[in-house]
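Only one structure is covered here, and it is reproduced in the block below.
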Number of protein chains: 2
Amino acid sequence: MADQLSRAFAALADPTRRDLVARLAVADATVGDLAAPYDVSLQAVSKHLKVLEEAGLVSRSREAQRRPVHLEAEVFDLMTKWIERYRRQAEERFARLDAVLDSLSETGDPTAEEGTAS
Amino acid sequence: MADQLSRAFAALADPTRRDLVARLAVADATVGDLAAPYDVSLQAVSKHLKVLEEAGLVSRSREAQRRPVHLEAEVFDLMTKWIERYRRQAEERFARLDAVLDSLSETGDPTAEEGTAS
DNA sequence: CCCTTTTTCAACTGGATGGTTGAACAAAGG
DNA sequence: CCTTTGTTCAACCATCCAGTTGAAAAAGGG
């Protein structure tokens, strides 16, 4: 799973990680702070943050012993752009309501151009 | 992984499934059509479509022996709304941070000249 | 220097996932 | 009927992933 988009989607597929993102949107926080509300070990949360970091969704700095976690907006943009592109395409096709289904079984024509099928 | 958002993000974490979505945005297609370009088995593609279907991203109808696959826009909306909510929140916070950095005087010490005030 | 706090690393475990092959089911069509 | 076409089911395998516990590293503070 090399590419960033795959890592980002996979990172947000976990409810705990989405919750971490939601809380980081409010304020930066340390690993300990973030782990407190959950009933899993601190190490587990540290792993979740590593996944988010490798996806480029968060970054970490250093401040004494602490490692404050900060949300990075850029990759979120990547994701919405990807999703919106195809959602829009699908909706436009839905709006046209052309006779795509007719062309599927015969003539092998990949691009049906029936305009006024109704 | 019960909830829809988790299933949707997980579904799009796979490059093959994202490619399927991209192609389905152009036109509905059958499993066989969709499987053709890849060098994996048709059963593997069928499994991918099942994942997309259980995430609510596609639906399938019946047409003779074929099962045309159709993209559903609704869950894509759910995803973008989730992402955009926190991205916006994070960006607003970032904008406020800039404002704070402009007026550096803060927290007790009025002669705050620590740091590289370049 | 030890000691404390905060975080990460290492090794292990159970369960999900993506892939395979082979058989079965569903719906025409000879 | 039996065959052909399109799709799914079942069983299996390798790998990945989220969780655990225990030890170690990093950075200050007494």
Side-chain angles (χ1 to χ4, degrees), chain A residues 1-21 23-24 28-55 57-70 101-108, chain B residues 1-21 23-24 27-55 57-70 114:
Chain A
M1 193 204 290
D3 66 297
Q4 185 149 45
L5 217 39
S6 295
R7 279 194 296 259
F9 277 118
L12 295 187
D14 186 284
T16 301
R17 285 195 290 260
R18 282 203 306 282
D19 194 60
L20 287 170
V21 166
R23 293 169 56 205
L24 286 168
D28 293 3
T30 68
V31 181
D33 293 339
L34 291 168
Y38 311 119
D39 59 349
V40 300
S41 68
L42 192 132
Q43 291 96 318
V45 175
S46 182
K47 273 194 191 178
H48 279 307
L49 290 170
K50 192 178 183 183
V51 172
L52 288 170
E53 187 179 28
E54 281 168 351
L57 295 166
V58 307
S59 63
R60 283 141 132 179
S61 49
R62 182 166 280 287
E63 178 184 302
Q65 309 102 309
R66 277 155 247 116
R67 307 281 318 270
V69 185
H70 175 75
L101 291 178
D102 289 341
S103 69
L104 282 177
S105 49
E106 342 201 332
T107 71
Chain B
M1 193 208 292
D3 66 299
Q4 185 149 45
L5 216 40
S6 294
R7 278 195 296 261
F9 277 117
L12 295 187
D14 187 284
T16 301
R17 286 196 290 260
R18 282 203 306 280
D19 195 59
L20 287 169
V21 166
R23 291 169 59 205
L24 286 168
D28 292 2
T30 67
V31 181
D33 293 339
L34 291 168
Y38 310 119
D39 59 349
V40 300
S41 69
L42 192 132
Q43 291 97 316
V45 175
S46 181
K47 274 194 190 178
H48 279 307
L49 289 170
K50 193 178 183 183
V51 172
L52 289 171
E53 187 180 27
E54 282 168 350
L57 294 166
V58 307
S59 63
R60 284 140 131 177
S61 50
R62 181 165 281 288
E63 179 184 305
Q65 308 103 309
R66 279 155 245 116
R67 309 280 320 270
V69 185
H70 175 76
E114 93 287 4

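Remember, it's a predicted structure, so these values are computed and weren't measured experimentally. Each chain gets a letter, A, B and so on, in the order its sequence line appears, and its residues count up from 1.
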Legend entry - Closest contact, heavy atoms only, A/L57 versus A/A8: CD1-O, 4.2 Å

Legend entry - Partners passing side chain to side chain donor-acceptor pair (under 3.5 Å) against A/E53 (at least two apart in sequence or in another chain): A/R60

Inset, instruction - Considering just the side-chain nitrogens and oxygens of B/R17, establish if one lies under 4.0 Å of OP1 or OP2 belonging to C/dG18. - result: yes

Legend entry - Length of the CZ-P vector between B/F9 and D/dC17, whole Å: 17 Å

Inset, instruction - Please list, chain by chain and in numerical order, all residues satisfying side chain to side chain contact (heavy atoms under 4.5 Å, CB included) with B/Q4, sequence neighbours excluded. - result: B/R7, B/V75, B/L78

Inset, instruction - Determine: side-chain N/O of A/T16 to OP1/OP2 of D/dA18, distance under 4.0 Å, yes or no. - result: no

Legend entry - Residues in contact with DNA chain D, drawn from residues 40-48 of chain B - heavy-atom cutoff 4.0 Å: B/L42, B/Q43, B/S46, B/K47

Legend entry - Considering all heavy atoms, the nearest B/A10-A/A13 contact: N-CB, 3.5 Å

Legend entry - Residue list, salt bridge (charged side-chain N to carboxylate O under 4.0 Å, His left out) with A/R18, at least two apart or on another chain: B/D3

Legend entry - Interatomic distance where NZ belongs to B/K50 and C1' belongs to C/dA16 [whole Å]: 14 Å

Legend entry - d(CG, A/D33; C1', C/dT7) in whole Å: 13 Å

Inset, instruction - Go through the steps to decide whether A/L20 and A/V69 satisfy the test side-chain contact (heavy atoms from CB on, under 4.5 Å), and finish with yes or no. - result: CA-CA 10 Å; A/L20 287 170; A/V69 185; over 6 Å; no

Inset, instruction - Would you tell me if any nitrogen or oxygen in the side chain of A/R67 comes within less than 4.0 Å of OP1 or OP2 on C/dT6? - result: no

Legend entry - Rounded distance (Å) that lies between atom C1' of C/dG18 and atom CG of B/L12: 16 Å

Inset, instruction - Quick one: list whatever passes salt bridge (charged side-chain N to carboxylate O under 4.0 Å, His left out) with B/E54, sequence neighbours left out. - result: none

In residues 32-41 of chain A, what donor-acceptor pairs under 3.5 Å come from side-chain atoms, sequence neighbours left out?
from, atom 1, to, atom 2, distance (Å)
A/D33, OD2, A/T30, OG1, 3.1
A/Y38, OH, A/D19, OD2, 2.6
A/Y38, OH, A/R23, NH1, 3.0
A/S41, OG, A/A44, N, 3.2

Inset, instruction - Rounded off to whole Å, could you give me the CD-to-C1' distance for the A/E54 and D/dA18 pair? - result: 14 Å

Inset, instruction - Starting from P on C/dG18, measure out to OH on B/Y38 and report it in whole angstrom. - result: 14 Å

Legend entry - Terminal axes of the helix from C/dC1-D/dG30 to C/dG30-D/dC1 (five pairs each): angle between them, nearest 10 degrees: 0°

Legend entry - Atom-to-atom span, CZ of A/R7 to C1' of D/dC17 - whole angstrom: 16 Å

Inset, instruction - Measure from CG on B/D14 to P on D/dC17 and round the result to the nearest Å. - result: 12 Å

Inset, instruction - Mind listing the closest non-hydrogen atom pair of B/L49 and B/V58 along with its distance? - result: O-CG2, 4.1 Å

Legend entry - With B/Q43 via side chain to side chain donor-acceptor pair (under 3.5 Å) - residues at least two apart: none

Inset, instruction - Using salt bridge (charged side-chain N to carboxylate O under 4.0 Å, His left out) as the criterion, list what pairs up with A/D28, not counting sequence neighbours. - result: B/R93

Considering only nitrogen or oxygen atoms on both sides, find all protein atoms under 3.5 Å from nucleotides 24-30 of chain D and state each distance.
from, atom 1, to, atom 2, distance (Å)
D/dA27, OP1, A/R62, NE, 3.3

Legend entry - Sequence-distant partners of A/R66, side chain to side chain donor-acceptor pair (under 3.5 Å), two or more places apart: none

Inset, instruction - State whether B/R60 places a side-chain N or O below 4.0 Å from either non-bridging phosphate oxygen (OP1 or OP2) of D/dT7. - result: no

